[in-house]
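Note that ligands are numbered from 1 as they come in the structure, with each ligand's atoms numbered from 1 the same way. Predicted, not measured: the structure shown is a model, and the values here were computed from it.
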Amino acid sequence: MRIADIYKEKKNVLSFEIFPPKKDDELKNIDATLEILCELNPDYISVTFGAGGSSNNNKTIDLAKKIKHEYHVEPVVHLTCLCYDKQEIDEFAKVLQAEGIENVLALRGDRNPNLPEKPDFRYASNLVKHLNTNYDFCIAGACYPECHPESESRVSEIRNLKKKVDAGAEVLLSQLFFDNDYFYRFVDDCRIGGIDVPITPGIMPVINGAQIMRMVNLCGASLPPKFEKIIKRYGDNKQALYDAGMSYALSQIIDLLANDVDGIHLYTMNNPAVARKICDGIRNII
Ligand code: FAD
C-alpha cells in the first residue's frame with residue numbers, strides 16, 4: 001500500500017525506522033527484532049540506506065523485502081542519490097519495482113569525503129522528480145524542524161522543501177527533535193509556504209548519553225534546558241537515563257498527538273524493547 005493513502009485513511013499513523021545490520025549474520029538475527037516490532041502493529045517500517053552500495057545484494061532492499069513478504073508490513077526504502085548517477089538509481093528503482101516495493105524515501109544523503117559525489121542528482125528534489133517521472137512509487141521526503149545544517153535561511157529551507165513536494169513528494173518525515181515547539185512552528189511555516197502534504201514528526205527515545213551527543217552533533221537538534229538537566233543528572237546512570245529518556249520521549253509523543261499531528265515516526269534504533277515501551281505508553285491514545 002502507498003503510505004500517502006494510509007495518511008488519507010487514518011489519523012495518528014504510527015511508523016518505525018530501522019537500519020539494516022552491518023554484518024550478514026546479524027541480518028539473520030533481525031527476525032527477533034522484526035517479530036516484536038511487527039506485533040506492535042506499525043502502519044509502515046522504513047529502512048535506512050547506507051550510501052556506497054549497489055543494487056546487488058543490498059541490505060536495505062533485503063530487509064525491506066523481508067518486512068513486506070514475511071511480516072506483511074508495508075516497508076519504505078530509503079534511497080540516497082548524491083553518490084549515484086542516473087543509471088545506478090535506475091538499477092535500484094527497477095529492483096524495488098520488481099520486488100513490489102511501493103514506497104521510497106528519496107534523500108540526497110550526507111556528504112562523505114570518502115564517497116565521491118556524482119553530478120546527476122544535486123538535491124533530493126532531483127531524485128524525487130526522476131522517480132516520479134519514470135516510476136510509480138509513492139515518494140516521501142525528509143524535512144528538518146530546526147533547519148538542515150547546510151541551510152542558508154529558514155525561508156530558503158521552506159522554499160526548497162516546497163520544490164521537493166512540487167516534484168512529487170507526497171509525505172514528509174522529520175528529523176528528530178527534542179522540543180515540540182520547533183516542530184509546531186515548522187509545520188505552521190510549511191502550511192504558510194503552501195506545503196500541504198502530511199508532515200510526520202520523528203522521535204528518538206534517548207536511552208544512553210553517548211548516543212545523544214552523537215545524534216546532536218550529527219543532526220544539529222538542540223537540547224531544551226529541561227532535557228539537558230535530565231542528561232546532566234542521569235547521564236552516568238544507565239538505568240536512570242533509560243527511565244528518564246523513555247518518559248521524555250513519551251511526553252513528547254503525547255503532546256504531539258494531543259496537537260493533532262499527522263502521525264509519529266519512531267526512530268527505534270533496532271531496539272524492540274524501546275518501541276514496545278513507547279507503544280504501551282500510548283496504547284489508549286493513538
Ligand atoms: P535535500 O532535500 O536535498 O536538502 C539538503 C540541503 O540542500 C538543505 O539545506 C536544502 O535546503 C538545500 N536544497 C535543497 N534543494 C535546493 C535547491 N534547489 N537549491 C539550493 N539548495 C537546496 N541519510 C542517509 O545516508 N541514509 C538514510 O537512510 C537517511 N535517512 C534519513 C531519514 C530522515 C527522516 C531524515 C530526516 C534524514 C535521513 N538521512 C539519511 C539524512 C539525509 O541524507 C541528510 O540530512 C542529507 O544531508 C540531506 O538530505 P535531504 O534529502 O534532506 O536533502
For E157, the ligand 1 atoms with a heavy-atom partner under 4.0 Å come out as 8 (C), 9 (O), 10 (C), 11 (O)
For ligand 1, which is the ligand I care about here, please tell me if H148 has any N or O atom under 3.5 Å from one of the ligand's N or O atoms. yes
Per the side chain to side chain contact (heavy atoms under 4.5 Å, CB included) rule, which among N126, N132, N134, T133 passes with H130? N134
Using protein heavy atoms only, decide if any is under 4.0 Å from atom 4 (O) of ligand 1. no
G109 to ligand 1: N or O pair under 3.5 Å? yes
Closest approach of any protein heavy atom to atom 40 (C) of ligand 1, naming residue and atom: L107 CD1, 3.9 Å
What do you reckon, does Q175 have a nitrogen or oxygen under 3.5 Å from a nitrogen or oxygen of ligand 1? no
Flag the pair K118 and E88 as a salt bridge only when some basic side-chain nitrogen lies within less than 4.0 angstrom of an acidic carboxylate oxygen. yes
Can a side-chain donor-acceptor contact be found between H78 and S46 if the only test is distance below 3.5 angstrom? yes
Less than 4.0 angstrom from a charged side-chain N to a carboxylate O is my criterion; do D166 and K129 meet it? no
What I want to find out is whether K11 reaches D260 closely enough, with some N-O distance under 4.0 Å, to be called a salt bridge. yes
Per-residue contact class, E152 against ligand 1 - non-hydrogen pairs under 4.0 Å: neither
Quick check with a 6.0 Å cut-off and a 45 degree axis cone: is R185 positioned over the face of Y182's six-membered ring? yes
Please verify whether a non-hydrogen atom of S151 lies at under 4.0 Å from ligand 1. yes
Electrostatic pair E102-R2, nearest N-O below 4.0 angstrom: no
Tell me which part of R111 gets within contact of ligand 1: side chain, backbone, both or neither, using heavy atoms under 4.0 Å. neither
Closest approach of any protein heavy atom to atom 2 (O) of ligand 1, naming residue and atom: K164 NZ, 2.7 Å
Check N160, V165, L161 against K163 for a side chain to side chain contact (heavy atoms under 4.5 Å, CB included) and give me the one that passes. N160
Got an N/O contact under 3.5 Å between D110 and ligand 1? yes
For atom 14 (C) of ligand 1, what's the nearest protein heavy-atom neighbour? Residue, atom name and distance, please. Y123 CD2, 3.5 Å
Tell me whether D243 is salt-bridged to R233, with the criterion being a basic N under 4.0 Å from an acidic carboxylate O. no
Do any N/O atoms on S156 end up under 3.5 angstrom from N/O atoms on ligand 1? no
Heavy-atom distances under 4.0 Å decide this one: backbone, side chain, both or neither, for R108 against ligand 1? both
Is a side-chain donor-acceptor pair under 3.5 Å present for H265 with S15? yes
Quick one: closest heavy-atom pair of G263 and P201, and the distance? O-CD, 2.9 Å
Do the charged groups of K10 and D43 touch, with an N to O distance under 4.0 Å? yes
In plain terms, say whether K277 and D280 are close enough for a salt bridge, that is, a side-chain N and a carboxylate O under 4.0 Å apart. no
Should the proximity of L161 to ligand 1, defined as any heavy atom under 4.0 Å, be assigned to the side chain, the backbone, both, or neither? neither
Single-linkage hydrophobic cluster, 4.5 Å side-chain cutoff, I89 and V77 together: yes
What is the nearest protein non-hydrogen atom to atom 36 (C) of ligand 1, stated with its residue, atom name and distance? A142 CB, 3.5 Å
Please determine if R111 and E117 form a salt bridge, counting it only when a charged side-chain N lies under 4.0 Å from a carboxylate O. yes
Between ligand 1 and S174, is the shortest N or O to N or O distance under 3.5 Å? no
In terms of atom number and element, which parts of ligand 1 are under 4.0 angstrom from non-hydrogen atoms of L173? 34 (C)
Quick one: are L127 and V104 in side-chain contact, heavy atoms under 4.5 Å? no
Answer side chain, backbone, both or neither: which part of T80 comes under 4.0 Å from ligand 1, heavy atoms only. side chain
For ligand 1, which part of Y267 has a heavy atom less than 4.0 Å away: the side chain, the backbone, both, or neither? side chain
Counting both backbone and side chain atoms, is some N or O of A124 under 3.5 Å from an N or O of ligand 1? yes
So is L105 close enough to ligand 1, meaning a heavy atom under 4.0 angstrom away? yes
Sub-4.0 Å atoms of ligand 1 with respect to non-hydrogen atoms of T48: 28 (O)
For atom 30 (N) of ligand 1, what is the closest protein heavy atom, and at what distance to 0.1 Å? H78 ND1, 3.0 Å
Quick one: look up the protein heavy atom nearest atom 22 (C) of ligand 1 and list residue, atom name and how far away it is. N160 ND2, 3.1 Å
What's the shortest distance from atom 37 (C) of ligand 1 to any protein heavy atom, and which residue and atom give it? Y144 OH, 3.8 Å
Atom 26 (N) of ligand 1: nearest protein contact (heavy atom, Å): F49 O, 2.7 Å
